[in-house]
2 protein chains.
Amino acid sequence: MSKHQKEITALKEHLGKHQLKCTRQRELILDAFLKQEHITAEAMYHQLAKKDPHLGLATIYRTLNLFCEAGLAQARHFGTQTQYDNVSHKGHHDHLICTDCGKIVEFENCDIERLQEEVAARNGFTIKTHRLELYGLCSRCRH
Amino acid sequence: MSKHQKEITALKEHLGKHQLKCTRQRELILDAFLKQEHITAEAMYHQLAKKDPHLGLATIYRTLNLFCEAGLAQARHFGTQTQYDNVSHKGHHDHLICTDCGKIVEFENCDIERLQEEVAARNGFTIKTHRLELYGLCSRCRH
DNA sequence: ATTGAAATTGATAAATCGTCTCAAAAAGAA
DNA sequence: TTCTTTTTGAGACGATTTATCAATTTCAAT
């Protein structure tokens with residue numbers, strides 16, 4: 001019994017609803033993905049090469065995008081690459097980023113999210129996702 | 001006397017500090033850039049083709065990146081392209097983005113920024129800049 | 001104003017990242 | 001098993017951005 005049974009079920013539900021099939025590759029990629037906070041397709045490609053040397057990069061991209069559609073992942077453009085965030089546990093994924101050493105701290109703040117909803121409503125928008133990144137210096141780099 | 005004298009001075013100061021030179025192209029691009037809220041390199045390329053048909057795309061990229069280093073612009077990856085935001089007027093630049101039609105609404109919210117400071121302080125960070133993007137559907141696309 | 005070292009430019013080649021194509025393979029219902 | 005549909009893997013492709021490099025421009029020192 002996997003630790004991530006809930007997410008596995010969620011994916012299968014999505015697959016069923018959309019006439020998609022449950023493949024070995026999708027299960028393999030999901031299993032690896034759920035162990036991460038966030039990962040790039042390229043990183044996952046190298047990571048999974050050990051388990052399945054023939055797993056194609058295109059399949060990883062396709063599958064991670066599938067996870068986004070299924071609501072398990074969320075794509076985020078960071079630098080030149082796309083990070084796929086694991087949002088199956090937390091609803092959102094905000095970041096504090098040290099511009100000096102690159103350290104990333106993740107946080108969540110309900111008050112900020114409530115205010116975001118207000119701003120959106122005031123402008124006639126319905127928010128689906130958001131992205132908040134705070135750039136600065138961590139305590140160590142400030143000195 | 002240009003409306004953007006402050007920014008022109010800021011750029012020249014940056015150039016001086018880094019042994020960079022003030023060229024006709026840089027002045028031309030700065031002038032065009034300061035009239036925008038945000039623009040892509042490609043869009044600026046086409047826009048400036050009228051004034052200088054020989055201005056190269058690479059120069060536009062180089063110069064917009066220079067503006068980022070000088071603190072006049074801020075790069076933001078949206079979809080497959082990079083938007084260069086004009087941050088010389090406002091300290092911050094937050095966006096409401098319609099994922100359907102691409103419409104972008106800019107906003108500012110002091111309460112959110114105050115909360116951001118709190119989160120940062122709690123984690124030992126000192127914020128220099130931030131990025132907040134809310135993705136969803138605008139009123140028109142919701143229907 | 002002229003000179004000369006250093007930076008910049010324009011044109012294009014190259015790199016990067018992600019998607020598309022398509023024949024072969026796999027899934028899964030009948 | 002059989003048949004239809006979906007998926008896969010490999011590489012081609014497309015879009016965006018950066019690197020290369022000879023020619024040009026800037027600008028400080030004559």
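Since this is a predicted model, take the numbers as computed values, not measurements. The chains referred to below are lettered A, B, ... by the order of the sequence lines, with proteins before strands, and numbering in each begins at 1. For the numbers below, each heavy atom of this structure counts, side chains included, while hydrogens, waters and symmetry mates do not.
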Between C:dA25 (P) and A:Leu55 (CG): distance, integer Å: 17 Å
Whole-Å distance separating the CG atom of B:Leu11 from the C1' atom of C:dT8: 14 Å
Close side-chain approach of B:Tyr61 to B:Tyr84, heavy-atom, < 4.5 Å: yes
Rounded distance (Å) that lies between atom P of C:dG18 and atom CZ of A:Arg76: 13 Å
Side-chain touch A:Leu66/A:His14, heavy atoms, less than 4.5 angstrom: yes
Donor-acceptor side-chain pairing of A:His38 and A:Glu106 below 3.5 angstrom: yes
A:Arg26 (side chain) donor-acceptor with A:Lys21 (main chain) under 3.5 angstrom: yes
Touch class at under 4.0 angstrom, heavy-atom based, for B:Thr82 against every strand present: sugar-phosphate
B:Arg142 (side chain) donor-acceptor with A:Gly124 (main chain) under 3.5 angstrom: yes
A:Tyr84 vs B:Ala58, nearer the 5' end of DNA chain C by closest nucleotide: B:Ala58
Heavy-atom side-chain proximity of A:Ile8 to A:Glu27 below 4.5 angstrom: no
Presence of A:Thr80 side-chain N/O under 4.0 Å of C:dC17 phosphate oxygens OP1/OP2: yes
Parallel, tilted or perpendicular, as decided by the 30° and 60° cut-offs, for the rings of B:Phe33 and B:Phe67: tilted
Along DNA chain D (nearest heavy atom to each residue), the more 5'-positioned of B:Leu57 and A:His54: A:His54
Any B:Tyr61 side-chain N or O less than 4.0 Å from OP1/OP2 of D:dT17: yes
Length of the CD1-P vector between B:Ile60 and C:dA11, whole Å: 12 Å
Interatomic distance, A:Asp52 CG vs C:dA25 P [rounded to whole Å]: 16 Å
For DNA chain D, the residues among residues 14-28 of chain A that have a non-hydrogen atom under 4.0 Å from it: A:Gln19, A:Leu20, A:Lys21, A:Thr23, A:Gln25, A:Arg26
Among C:dT21, D:dT20, C:dT19, the nucleotide that comes nearest once only the side chain of B:Arg62 is considered: D:dT20
Length of the CG-P vector between B:Leu66 and D:dT18, whole Å: 13 Å
Sugar-phosphate, base or nothing in reach of A:Gln81, heavy atoms under 4.0 Å: sugar-phosphate
Integer-rounded Å distance: D:dG11 C1' and A:Tyr45 OH: 11 Å
Interatomic distance, A:Asn65 CG vs D:dT7 C1' [rounded to whole Å]: 15 Å
